[in-house]
There are 2 protein chains.
Amino acid sequence: MEPDRFKTLISEEGLKSTRQRAEILDIFLNSTGHRNLAEIHARVARMNPKIGYTTVYRTLKLLTRLGLAAERKFADGETRYEPTHKGTHHDHLICLGCGKIVEFEDDGLESLQNRIARGHGFRIFHHRMELYGYCSPCVRKKTPLRRKG
Amino acid sequence: MEPDRFKTLISEEGLKSTRQRAEILDIFLNSTGHRNLAEIHARVARMNPKIGYTTVYRTLKLLTRLGLAAERKFADGETRYEPTHKGTHHDHLICLGCGKIVEFEDDGLESLQNRIARGHGFRIFHHRMELYGYCSPCVRKKTPLRRKG
DNA sequence: CCCTTTTTGAAATTGAATTTCAATTTCATT
DNA sequence: AATGAAATTGAAATTCAATTTCAAAAAGGG
Ligand SMILES: [Mn+2]
Ligand SMILES: [Mn+2]
Ligand SMILES: [Zn+2]
Ligand SMILES: [Zn+2]
């Protein structure tokens with residue numbers, strides 16, 4: 001996102017455009033997703049050690065409100081953030097071995113969820129769906145299946 | 001679960017059978033699911049005010065290890081427990097209006113999840129799937145659609 | 001530049017989850 | 001029934017992320 005578009009977005013909300021917010025957004029958007037606050041703050045602080053943890057916290061909340069960030073809570077319970085610039089909704093495959101997170105999108109899954117909800121008289125607004133298991137490298141590491149000889 | 005079967009189960013684990021554990025199990029199994037610790041402890045304390053929060057905490061952890069309880073963390077982040085005596089795996093529909101939780105099971109969903117995981121080279125061990133929306137009474141309350149006249 | 005409002009950041013607070021530890025209880029063994 | 005080692009209990013302490021507080025600093029409209 002260009003700095004100017006962010007300034008506009010910010011001021012449309014009646015908020016002020018600050019150096020801190022711009023820096024945090026920049027760093028956040030240019031890093032890989034699913035990071036917790038401590039990680040994001042560490043990265044921000046490497047660039048500008050004056051920026052406090054609280055400001056990073058508040059800015060990530062703000063970005064979430066603006067739709068630029070998405071808050072995630074996987075099984076470990078920690079709050080993580082990911083940029084939404086990829087735009088579309090997606091769910092997650094999470095490796096219990098190495099922690100790798102793979103994103104996926106499946107229309108069949110989405111429509112099945114809606115069908116199930118409708119079957120129970122629910123009108124769904126969002127869902128949460130995470131698949132926990134082992135990625136193929138980790139499966140290979142764990143189960144040496146059978147060796148030659 | 002009969003007290004004797006619990007005693008056996010407990011001692012098979014090399015643990016001791018105590019009055020507290022029996023009481024907590026009894027109360028836990030005879031109440032509706034998805035309760036947080038404070039709620040479970042409150043109910044236990046009503047029966048026996050001598051039993052401490054910590055013991056309830058540890059006992060629920062124990063029951064989870066024994067497979068008699070399942071730990072759940074829905075979107076509010078609080079840890080909740082439900083008895084597993086219904087046995088089978090299920091997922092949840094959660095009403096954002098009234099908090100009602102509806103359980104469902106859908107083989108098609110389960111197999112689709114496995115298919116998706118396999119497609120990404122993952123071997124899945126468990127998953128988490130919650131659908132958030134409004135139940136029909138809450139939908140009716142929120143959107144008075146159209147009135148006669 | 002001025003003034004009001006917002007923002008910042010260090011420190012304090014909150015609250016659930018977990019650990020500590022001395023006192024108590026269990027239970028296998030006499 | 002008494003003994004004693006090992007497990008359990010429960011109040012209090014600790015942990016730790018999340019959130020709030022508040023005085024000082026910065027933004028930005030006029
Ligand atoms: Mn993602
Ligand atoms: Mn359930
Ligand atoms: Zn892996
Ligand atoms: Zn409802």
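Letters A, B, ... mirror the listed sequences (proteins, then strands); counts begin at 1.
At whole-Å resolution of the value, NZ in A:Lys50 and C1' in D:dA25 are 12 Å apart. The CG atom of A:Asn48 sits 12 Å away from the C1' atom of C:dT8 (whole-angstrom rounding). Distance B:Arg65 CZ to C:dT18 P: 13 Å, rounded to the nearest Å. One can place NZ of A:Lys73 at 14 Å from C1' of C:dA17, the figure rounded to the nearest angstrom. Distance, B:Ile51 CD1 to C:dT25 P: 13 Å, rounded to whole Å. The NE2 atom of A:His41 sits 8 Å away from the P atom of C:dA10 (whole-angstrom rounding).
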Residues 108-118 of chain B, side-chain donor-acceptor partners within the protein, below 3.5 Å, at least two apart:
| residue | atom | partner | partner atom | Å |
| --- | --- | --- | --- | --- |
| B:Glu110 | OE2 | B:His89 | NE2 | 3.0 |
| B:Ser111 | OG | B:Asp107 | O | 3.3 |
| B:Ser111 | OG | B:Gly108 | O | 3.2 |
| B:Gln113 | OE1 | B:His127 | ND1 | 3.0 |
| B:Gln113 | OE1 | B:His127 | NE2 | 3.4 |
| B:Asn114 | ND2 | B:Glu110 | O | 3.4 |

Name each donor-acceptor pair under 3.5 Å that joins a side chain in residues 54-70 of chain A to protein atoms two or more places apart or in another chain, with its distance.
| residue | atom | partner | partner atom | Å |
| --- | --- | --- | --- | --- |
| A:Thr59 | OG1 | A:Thr55 | O | 2.7 |
| A:Lys61 | NZ | A:Glu71 | OE2 | 3.2 |
| A:Thr64 | OG1 | A:Leu60 | O | 2.8 |

Report, one line per pair, each donor and acceptor closer than 3.5 Å where one atom sits in a side chain of residues 129-139 of chain B; sequence neighbours left out.
| residue | atom | partner | partner atom | Å |
| --- | --- | --- | --- | --- |
| B:Glu130 | OE1 | A:Arg128 | NH1 | 2.9 |
| B:Glu130 | OE1 | B:Tyr132 | OH | 2.5 |
| B:Tyr132 | OH | B:Ala75 | N | 2.9 |

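Non-hydrogen atoms lying under 4.0 Å from DNA chain D are contributed by B:Lys16, B:Thr18, B:Gln20, B:Arg21, all within residues 16-40 of chain B. Residues from residues 6-15 of chain B that place a heavy atom under 4.0 Å from any atom of DNA chain D, listed by number: B:Leu15.
Side chain of A:Thr79, nearest nucleotide from D:dA18, C:dT18, D:dC22: D:dA18. Distances were taken from every side-chain heavy atom of B:Tyr57 (C-beta onward) to each of C:dC21, C:dT18, D:dT19; the shortest belongs to C:dT18. The side chain of B:Tyr53 has C:dA17 as its nearest neighbour among D:dG10, C:dG9, C:dA17.
Side-chain nitrogen and oxygen atoms of A:Thr54 include none within less than 4.0 Å of the OP1 or OP2 phosphate oxygen of C:dT8.
Counting only N and O atoms by type, the side chains of B:Glu105 and B:His90 include no donor and acceptor under 3.5 Å apart. Defined by atom type and a distance below 3.5 Å, a donor-acceptor pair is present between the side-chain atoms of B:His34 and B:Glu103.
Backbone-only engagement by A:Lys61 is indicated by non-hydrogen atom pairs under 4.0 Å involving sugar-phosphate atoms exclusively.
To the nearest 0.5 Å, the span separating CD1 on A:Ile10 from CG on A:Leu15 amounts to 5.5 Å.
Pairs of residues two or more places apart, or lying in two chains, that qualify as salt bridge (Lys or Arg N to Asp or Glu O under 4.0 Å) and include a residue from residues 19-38 of chain A are A:Arg35-A:Glu39.
In this structure, B:Met1 places its CE atom where more than 12 heavy-atom neighbours from other residues, nucleotides or ligands lie under 6.0 Å away.
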Problem - Criterion salt bridge (charged side-chain N to carboxylate O under 4.0 Å, His left out) on A:Arg72 and A:Glu82, from CA distance to verdict - result: CA-CA 8 Å; A:Arg72 303 278 186 188; A:Glu82 66 172 316; 2.6 Å; yes
